[in-house]
Amino acid sequence: MPELPEVETVKNTLKNFIVNKRIVDIRVNYPRIIENDLDQFKRAVVGQLITDLDRVGKYLIFVLEDTAFVSHLRMEGKYNILTKPEFSKHDHIIFYLDDGTYLSYNDTRKFGRMVLSSKSDYKNQLPLSKLGPEPFCADAKVVYQRIHKSDIPIKHLLLDQTIMAGIGNIYANEICFAMGINPFTPGKRLTLKRVEQLVQASCKILEAAIAQGGTTIHSFSANGIDGLFQVSLQVHLQKECKICHSEIIKEKIKGRSTYYCPKCQRRKS
DNA sequence: AAAAGGCCCTGGTCGC
DNA sequence: TGCGACCAGGGCCTTT
């Protein structure tokens, strides 16, 4: 699933293909993706020049001449540039561009969403307004204030986009592993110093993933720009700990698969 | 009010 | 081989 680093890569790659191109038409095969009234969305978007592409957390923002719309890829959303109008089963939204190419939003599970926002103020409008800072600009003291009385497991808190934005299930597992912290550890067990380390570890892991994406994806693959699952995972989906060779435990937290090493991330009583 | 649970979706995998 | 059951899960909504 695309998390902050994957969306960053999609943004950087896609930018080269669509900025300064005009949306001349749009075809919507699966309307539920678009949260606005469909006609309203079409009226707002068709005829508009794409002036920029931005990212906040896991959200992608298409900045147009007079408006903007926010896109969340959720689990399997992808953007493809097609040079011929040969659309496939899961191409749900197709933007016709003025150079004759097609920007297609492809999403097998149909979980992704798009919603109109404001060109100048999208960061202060829903859904972006409720997001916390990205780890890169998070103040550890503020994060500490948010979690230091909480009984909620730290892994769950890392997934709370209102505390810090951009971390999904894969990186939450990786961050806990890098910290040597048990994912079930309640937020209130972390000292300020530990929270500082947590923010730092989050930055480091996300930055490394972005760097890998930046060097590995220069153009569209046959499958579209869908992120960097080649990122070397230390614990997520792993069977054996890369450090101590213990068997990696898999359990659910907040309904999400949680991987951890019982020895390197020992539970403290 | 906070927290837990359900929902949306399809393709892949598993067991029989 | 066929087929049903189950799993993956981000964010939003409903229920407790």
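Any value given below was found using the heavy atoms of this structure, including those in side chains, with hydrogens, waters and symmetry copies removed.
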Between [Y] and [X], is there a side-chain donor-acceptor contact under 3.5 Å, judged purely by atom types and distance?
{"X": "A:Glu251", "Y": "A:Tyr259", "result": "no"}
{"X": "A:Lys119", "Y": "A:Thr67", "result": "no"}
{"X": "A:His236", "Y": "A:Glu174", "result": "no"}
{"X": "A:Asn106", "Y": "A:Ser104", "result": "no"}

Separation of atom [atom1] in [X] from atom [atom2] in [N], rounded to whole Å:
{"X": "A:Lys250", "N": "C:dA8", "atom1": "NZ", "atom2": "C1'", "result": "9 Å"}
{"X": "A:Met75", "N": "C:dG9", "atom1": "CE", "atom2": "P", "result": "6 Å"}
{"X": "A:Phe111", "N": "C:dC7", "atom1": "CZ", "atom2": "C1'", "result": "12 Å"}

Next item on the list: Taking heavy atoms of chain A and a 4.0 Å limit, find me the 5'-most and 3'-most nucleotide of DNA chain B within that range.
Entry: B:dA3 to B:dG11
Check: Quick one: the side chain of A:Arg113 and the base of C:dG11, do they pair up donor-acceptor inside 3.5 Å?
Finding: no
Margin query: What I want to check is whether an N or O donor and acceptor connect the side chain of A:Arg256 with the base of C:dA8 at under 3.5 Å.
Written below: no
Find out whether the Lys NZ or Arg CZ of [X] is both under 6.0 angstrom from the six-membered ring centre of [Y] and within 45° of the ring's axis.
{"X": "A:Lys84", "Y": "A:Tyr102", "answer": "no"}
{"X": "A:Arg27", "Y": "A:Tyr96", "answer": "no"}
{"X": "A:Arg109", "Y": "A:Phe111", "answer": "yes"}

Next item on the list: Please figure out whether A:Glu76 or A:Leu131 has its closest DNA chain C nucleotide nearer the 5' end.
Entry: A:Glu76
Check: What nucleic acid atoms does A:Lys58 come within less than 4.0 Å of, heavy atoms only: base, sugar-phosphate, or nothing?
Finding: sugar-phosphate
Item checked: C:dG10 OP1/OP2 closer than 4.0 Å to side-chain N/O of A:Gln161 -> no
Note to self: Looking at every heavy atom in both A:Gln265 and A:Ile181, which two are closest together, and how far apart are they?
What the structure shows: NE2-O, 2.9 Å
Next item on the list: Would you work out how much the helix from B:dA2-C:dT16 to B:dC16-C:dG2 bends between its ends, with each end axis defined by five base pairs, to 10 degrees?
Entry: 50°
